[in-house]
There are 2 protein chains.
Amino acid sequence: MNDSAPGADGTPGTGSAAGSRRKDVRRNQQTLLDAAAAVFVTSGVEAPVRDIAAEAGVGVGTVYRHFPTRADLVIAVYRHQVDACAEAGPALLAAEVSPHAALERWVGLFVDFLVTKHGLAAAMQSDDAGFEALHAYFLDRLVPVCAQLLEAAVAAGEIRSDVTAYPLMRGIGNLCIGAETDSRYDARHLVALLVAGLRKD
Amino acid sequence: MNDSAPGADGTPGTGSAAGSRRKDVRRNQQTLLDAAAAVFVTSGVEAPVRDIAAEAGVGVGTVYRHFPTRADLVIAVYRHQVDACAEAGPALLAAEVSPHAALERWVGLFVDFLVTKHGLAAAMQSDDAGFEALHAYFLDRLVPVCAQLLEAAVAAGEIRSDVTAYPLMRGIGNLCIGAETDSRYDARHLVALLVAGLRKD
DNA sequence: TTGTAAAACGGAACCGCGTTCCGTATCGTC
DNA sequence: GACGATACGGAACGCGGTTCCGTTTTACAA
């Protein structure tokens, strides 16, 4: 559920032509995902599309036929990790001793994911039009899970009830921005503080 | 020679040529600051340099002679507000009933400032090379003040002692990203939560 | 006032990046 | 092997930051 493993293909819907009848299409789709994952690791998610195309040994046109925009490529690369994070929520709720503990662990998972992906947190919150899809995908997938954990913790009387999932997720994402490039900045610590601030007085 | 920017000089002037003997220089300097401030309000701090030049009725070359980079222009526009915020720290410490109350008020001031400047928080944390100066200016000016407030609160036994000023300031700045463009996201609330999390258990 | 050098001005030009377009190469099928 | 459909590569476009340079303005002196 955390880093590496770029290879796994997305479910249909990742690219436009996941199940094409043409062999070269399927091959390039996979080649591009692998290349993008590799480039993202070394250069961050803000890496130029041309770099990804070069790494994959294809032209930029090919990248755009498979992924209409750079954001779609980013989504495709990380989709399964986001999904894994989403699925971990209910599991933690069932396994942990308390909803608040589950929330803490789950948030930790999310932060670990974001912090190890160079520039992902920043891209996600970027008001750059092209990245709205990225923002939306993360939020659509994770906000409901967060809401469920929050609700359980509120029901258990462990946290205050004036916090909703959406701003909390955005805030956590925001706190992760720049964590990879500044050793003096400890995002995990601050997120822990924020989650601590949720506790009922 | 990159040091002559309006970054670290102690002079009250905003740009590099504030006290030129040529009157057109002084006039353009002021015109540019006014134009930039106006454009920042309507289009955010990410507004194209060309727009600012047009608003000021000058060519882009003139903008760059006065402000070596877009970030320097942003710094110049907001410098006095940052300074005012920095100076408010000791004042609040003296005026408020407790260091923690002073910290809360001061953080509120900072957040209000950031949240009302379209895109400023995002620009400040951008890993875009040109904005490092902006980041640095804010931090140089505000971190010492924050440290002073933190220290006083720790000395008074009000907050935990494992938080330093730098990550706290960065975290608060991060939480403000996107607050202006998303009504569902309440940065003030989250920052309040974070500051609440500082309290000693 | 007028001449002159220094400094500033404007905006075309350059570079990098996301994205689009289109002539060409490749694939699956008959 | 021929053919239509589809994908490919990469040149071209638009945009934004920054630089460059020929032209204009300024301050000062004769």
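Chain naming here is simple, since letters A, B, ... match the order of the sequence lines and numbering starts at 1 in each.
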Could you tabulate the donor-acceptor pairs under 3.5 Å formed by side-chain atoms of residues 170-177 of chain A, not counting sequence neighbours?
{"residue": "A:Arg170", "atom": "NE", "partner": "A:Gln125", "partner atom": "OE1", "Å": "3.2"}
{"residue": "A:Arg170", "atom": "NH1", "partner": "B:Asp182", "partner atom": "OD2", "Å": "3.0"}
{"residue": "A:Arg170", "atom": "NH2", "partner": "A:Gln125", "partner atom": "OE1", "Å": "3.1"}
{"residue": "A:Arg170", "atom": "NH2", "partner": "B:Ile177", "partner atom": "O", "Å": "3.4"}
{"residue": "A:Asn174", "atom": "ND2", "partner": "B:Asn174", "partner atom": "O", "Å": "3.1"}
{"residue": "A:Asn174", "atom": "ND2", "partner": "B:Ile177", "partner atom": "O", "Å": "3.1"}
{"residue": "A:Asn174", "atom": "ND2", "partner": "B:Tyr185", "partner atom": "OH", "Å": "3.1"}

Pair up each side-chain donor or acceptor in residues 39-63 of chain B with any protein partner under 3.5 Å, not counting sequence neighbours, and list the distances.
{"residue": "B:Thr42", "atom": "OG1", "partner": "B:Ala38", "partner atom": "O", "Å": "3.4"}
{"residue": "B:Thr42", "atom": "OG1", "partner": "B:Val39", "partner atom": "O", "Å": "3.2"}

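Atom-to-atom, CZ of A:Phe67 to P of C:dG18 comes out at 16 Å; the value is rounded to the nearest Å. Atom CG of A:Asn28 and atom C1' of D:dA7 are 8 Å apart (whole Å). What separates CG of A:Asp72 from C1' of C:dT19 is a distance of 13 Å, to the nearest Å.
Map A:Gly59 and B:Arg70 each onto its nearest nucleotide of DNA chain D; the residue landing nearer the 5' end is A:Gly59.
No donor-acceptor pair under 3.5 Å is formed between the side chain of B:Ser126 and the backbone N or O of B:Ala122.
In this structure, the salt bridge (Lys or Arg N to Asp or Glu O under 4.0 Å) partners of B:Glu96, at least two apart in sequence or on a different chain, are B:Arg105. Residues passing the salt bridge (Lys or Arg N to Asp or Glu O under 4.0 Å) test with A:Arg21: none are found, sequence neighbours excluded.
Counting heavy atoms from C-beta on, the side chains of A:Met124 and A:Val74 never come closer than 4.5 Å.
For the OP1/OP2 pair of D:dA7 and a distance below 4.0 Å, the side-chain nitrogens and oxygens of A:His66 include no atom meeting the criterion. Contact between the side-chain N/O atoms of A:Thr62 and the OP1/OP2 oxygens of D:dA7 is not found at any separation under 4.0 Å. The phosphate of D:dG17 has neither OP1 nor OP2 within less than 4.0 Å of any side-chain N or O from B:Thr69.
Of all the residues in residues 46-56 of chain B, B:Ala47, B:Pro48, B:Val49, B:Arg50 reach under 4.0 Å from DNA chain D with at least one non-hydrogen atom.
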| field | Protein proximity profile, nucleotides 20-30 of chain C - base contact B, sugar-phosphate-only contact S, no contact -, cut-off 4.0 Å on heavy atoms | value | B-----BSS--

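Counting heavy-atom neighbours within 6.0 Å of A:Glu151 CD, excluding the residue itself, gives a total of 12 or less.
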| said: With side-chain contact (heavy atoms from CB on, under 4.5 Å) as the criterion, how do B:Ile75 and B:Phe67 come out once you've worked through the C-alpha distance, each side chain's angles and the decisive distance to 0.1 Å? | reply: CA-CA 10 Å; B:Ile75 293 174; B:Phe67 304 97; over 6 Å; no

